[in-house]
Trainee: 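Below: one structure in structure tokens.
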Amino acid sequence: MSQYDVDLFVIGAGSGGVRAARTAAGKGVRVAIAEDRYLGGTCVNVGCVPKKLYSYAAHFHDAFKDSKGFGWHFDSAPRFEWSKLRDNKKTEISRLNGIYERLLTNAGVELIQGRAEIVDEHTVAINGRRVSAEKILIATGGTPWMPEFEGREHVLSSDQIFDLPSFPKRFLVMGGGYIAVEFASIFNGLGAETHLAYRGPLFLRGFDHELRDFIRDEMLKKGVNLHFESTIARVEKRDDAYAVELSNGETLEVDAILGATGRRPRFEGLGLENVDVEREFDGKLKIDDRYQTSVPSILALGDIIEGPELTPVALEEAMRLVELHYGSGSADPIDYDSVATAVFCHPNMGTVGLTEEQARARHDSIRVYTTDFRPMRHTLSGSDERCLMKLIVDDSTDRVVGAHMVGEEAGELIQGLAIAVRARLTKRDFDATIGVHPTSAEEFVTLRNVTRT
């Protein structure tokens with residue numbers, strides 16, 4: 001008989017925590033999981049899923065406009081109803097919450113509602129109860145962070161933006177990461193006068209610079225007001241609106257403000273002070289190649305450790321962790337260089353592998369292939385939206401080390417290219433592949449002329 005109440009106690013029922021809990025339980029491990037907010041974590045409730053649903057809604061704005069060139073006519077202008085979108089989203093999220101609960105209970109995992117606090121290296125306290133565990137897995141994810149400034153209390157976080165009681169006619173987002181850029185596109189598409197303020201000269205730092213420039217230009221064409229090298233200095237509430245003073249001296253009056261200035265690990269109330277776990281320079285937990293912290297019985301995964309803060313990454317880490325601790329004891333390391341991702345701005349961006357800047361730093365010589373064109377759809381729609389595609393090739397091996405796209409359904413298309421990059425295929429392999437015609441995707445296998453070296 002084990003000396004512990006459970007073999008594994010998971011703190012946090014987000015994507016990574018749930019996957020680890022139910023996969024371990026499937027191997028006969030006694031598992032309990034605690035969650036104090038909502039099942040499915042940030043992604044399901046206030047992240048990827050509702051964001052994508054809202055992005056779909058915002059795309060209809062362009063679709064209605066584009067349809068006229070294809071012969072469609074409307075007796076009256078389309079009218080957007082915020083409450084309908086908001087409430088339908090809530091219904092869908094509730095459905096997903098139920099699925100997550102069933103996944104856990106059907107796997108035999110004990111689900112405990114409440115905030116678990118680590119008491120010592122083998123004990124957690126929750127709802128006045130103490131539970132001993134051979135191993136404790138921290139999978140609490142992240143939480144929005146905002147800098148201090150006067151009137152900060154009037155600024156919403158990404159946790160709050162989905163459920164506004166009414167739609168803001170004038171909207172400001174502060175930040176330059178993918179969350180800020182996505183929400184600027186969403187609210188602009190839904191019909192708000194939209195502003196984005198970012199302290200740097202260009203948003204989406206860390207992505208390929210050419211794509212960043214391209215997205216800036218496309219967003220400007222769609223009517224998003226971009227305020228670079230500027231951030232919020234002060235916010236004052238005036239009746240039902242907010243007066244915003246930017247650091248560059250500009251003033252704006254808006255109806256809602258989103259602060260999308262980053263996320264930090266959600267460690268509040270977790271009891272980390274009761275155990276001697278080492279931190280990275282940015283406050284995340286330091287782990288080894290088995291996801292163990294400096295306290296061997298305490299494990300960690302997801303957004304609270306170093307690596308891409310992406311749901312599929314947390315899922316893969318969970319599978320690998322379970323295999324290492326409760327399976328064969330070995331697992332292939334994650335190839336973070338070939339993790340694809342998408343930014344659901346308008347138009348979308350999909351990217352996998354190295355940026356041009358990273359490739360130049362890692363390889364002695366590279367070849368860059370690009371194409372910038374007006375998609376076939378827009379030859380009739382009349383839209384001036386363009387598409388950018390880009391391949392980056394290591395010249396010495398001919399291997400494609402990066403693939404990038406800005407355009408309609410870029411997120412869908414980049415998944416297939418991620419397989420090619422992960423498989424270390426060469427430009428010759430791309431060239432030998434026959435394209436699907438007529439599609440935008442075929443451009444990736446018909447690029448022949450080197451743009452630059």
Side-chain angles (χ1 to χ4, degrees), residues 4-25 29-47 97 100-101 103-105 107-143 159 263-280 283-287 290-307 309 311 313-315 317-322 324-326:
Y4 303 107
D5 297 326
V6 296
D7 301 314
L8 176 66
F9 193 103
V10 182
I11 304 176
S15 299
V18 169
R19 177 65 61 89
R22 68 185 187 89
T23 305
V29 179
R30 297 175 304 147
V31 184
I33 189 168
E35 176 57 56
D36 66 328
R37 293 194 295 179
Y38 25 58
L39 296 179
T42 295
C43 179
V44 168
N45 295 274
V46 289
N97 293 152
Y100 272 79
E101 182 174 6
L103 286 172
L104 290 168
T105 56
V109 177
E110 180 186 1
L111 173 60
I112 307 171
Q113 293 287 344
R115 182 66 165 171
E117 179 185 0
I118 298 172
V119 177
D120 59 42
E121 61 188 29
H122 289 290
T123 310
V124 297
I126 183 167
N127 301 336
R129 167 190 172 194
R130 291 201 171 199
V131 180
S132 62
E134 182 182 16
K135 294 176 182 178
I136 300 168
L137 169 59
I138 304 174
T140 50
T143 190
D159 285 357
R263 296 176 65 84
R264 292 185 176 178
R266 188 170 179 258
F267 289 151
E268 294 79 10
L270 186 57
L272 286 179
E273 66 276 6
N274 299 326
V275 286
D276 188 20
V277 291
E278 290 185 26
R279 305 280 190 100
E280 299 283 3
K284 293 187 175 184
L285 299 185
K286 188 174 184 178
I287 60 163
R290 289 173 52 83
Y291 299 95
Q292 290 176 301
T293 67
S294 54
V295 178
S297 62
I298 298 179
L299 316 176
L301 60 72
D303 293 356
I304 61 172
I305 65 172
E306 293 300 325
E309 295 182 6
T311 295
V313 170
L315 294 173
E317 289 171 347
M319 299 292 287
R320 190 169 181 270
L321 181 151
V322 171
L324 288 167
H325 289 268
Y326 302 110

Trainee: Side chains of V124 and I11: does their closest heavy-atom pair fall under 4.5 Å?
Mentor: yes
Trainee: Measure across I287 and A300 and return the closest heavy-atom pair with its distance rounded to 0.1 Å.
Mentor: CG2-CB, 4.1 Å
Trainee: Kindly determine whether L39 and L111 satisfy side-chain contact (heavy atoms from CB on, under 4.5 Å), including the steps that lead there.
Mentor: CA-CA 10 Å; L39 296 179; L111 173 60; 3.9 Å; yes
Trainee: Nearest 0.5 Å, what's the CD1-CG distance between I33 and L8?
Mentor: 8.5 Å
Trainee: So, do I305 and Y291 sit near enough that their side-chain heavy atoms are less than 4.5 Å apart?
Mentor: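 A side-chain contact under 4.5 Å exists here.
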Trainee: Indicate yes or no: at least one non-hydrogen side-chain atom of F9 is less than 4.5 angstrom from one of I112.
Mentor: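 The answer is yes; the side chains approach within 4.5 Å.
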Trainee: Should R19 and V322 count as side-chain neighbours, where that means a heavy-atom distance under 4.5 Å?
Mentor: no
Trainee: Would E110 and R129 pass as an ion pair if we require N to O under 4.0 Å?
Mentor: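 Here E110 pairs with R129 in a salt bridge, since their nearest N and O are under 4.0 Å apart.
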Trainee: When you check the side-chain N and O atoms of N45 and N97, is any donor under 3.5 Å from an acceptor?
Mentor: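 Yes, because at least one side-chain N or O of N45 sits under 3.5 Å from a partner of the opposite role on N97.
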Trainee: Can you confirm whether more than 12 heavy atoms, excluding those of R290, are under 6.0 Å from its CZ atom?
Mentor: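 Result for CZ/R290: enclosed.
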Trainee: Could you go step by step and tell me if H122 and I136 meet the side-chain contact (heavy atoms from CB on, under 4.5 Å) rule?
Mentor: CA-CA 7 Å; H122 289 290; I136 300 168; 5.6 Å; no
Trainee: Let me confirm one number: the CG-CG distance from L299 to L324, rounded to the nearest 0.5 Å.
Mentor: 10.0 Å
Trainee: Is V277 close to K286 at the side-chain level, that is, under 4.5 Å between some pair of heavy atoms?
Mentor: no
Trainee: Do F267 and R279 have side-chain heavy atoms sitting under 4.5 Å apart?
Mentor: yes
Trainee: The test is side-chain contact (heavy atoms from CB on, under 4.5 Å); show your working for M319 and T23 and say whether it passes.
Mentor: CA-CA 7 Å; M319 299 292 287; T23 305; 3.7 Å; yes
Trainee: Between atom CZ of R30 and atom CD of E134, what is the distance when rounded to the nearest 0.5 Å?
Mentor: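 Going from CZ on R30 over to CD on E134, the span is 8.5 Å.
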Trainee: Atom CD1 of I118 and atom OG of S297: how far apart are they, to the nearest 0.5 Å?
Mentor: 9.0 Å
Trainee: Apply side-chain contact (heavy atoms from CB on, under 4.5 Å) to the pair R130 and V119, showing each step before the final yes or no.
Mentor: CA-CA 9 Å; R130 291 201 171 199; V119 177; 3.4 Å; yes
Trainee: On the ring face of Y326, is K135 found with NZ or CZ under 6.0 Å from the centre and within 45° of the axis?
Mentor: yes
Trainee: Do the side chains of E309 and K284 get close enough for a salt bridge, i.e. N-O under 4.0 angstrom?
Mentor: yes
Trainee: Quick test of your reading of the model: are D159 and R37 salt-bridged, counting only N-O distances below 4.0 Å?
Mentor: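 Looking at R37 together with D159, the answer is yes, because their closest N to O distance falls below 4.0 Å.
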Trainee: I'd like to know if the side chain of R266 pairs up with that of T42 as donor and acceptor (distance under 3.5 Å, no hydrogens or angles considered).
Mentor: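 Side chains of R266 and T42: no pair found under 3.5 Å.
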Trainee: For a 4.5 angstrom cut-off between non-hydrogen side-chain atoms, does E317 reach L321?
Mentor: no
Trainee: Could you tell me which non-hydrogen atom of A20 sits nearest to which non-hydrogen atom of L137, and how far apart they are?
Mentor: CB-CD2, 3.6 Å
Trainee: Rounded to the nearest 0.5 Å, what separation is found between the CD1 atom of I138 and the OG1 atom of T293?
Mentor: 6.5 Å
Trainee: T140 pairs by side-chain contact (heavy atoms from CB on, under 4.5 Å) with which of L270, V10, D36, D303?
Mentor: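 Going through the options one by one, the only one that passes is L270.
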Trainee: Taking the side chain as everything from C-beta on, heavy atoms only, tell me whether L103 gets closer than 4.5 Å to V109.
Mentor: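 No, side chains not in contact.
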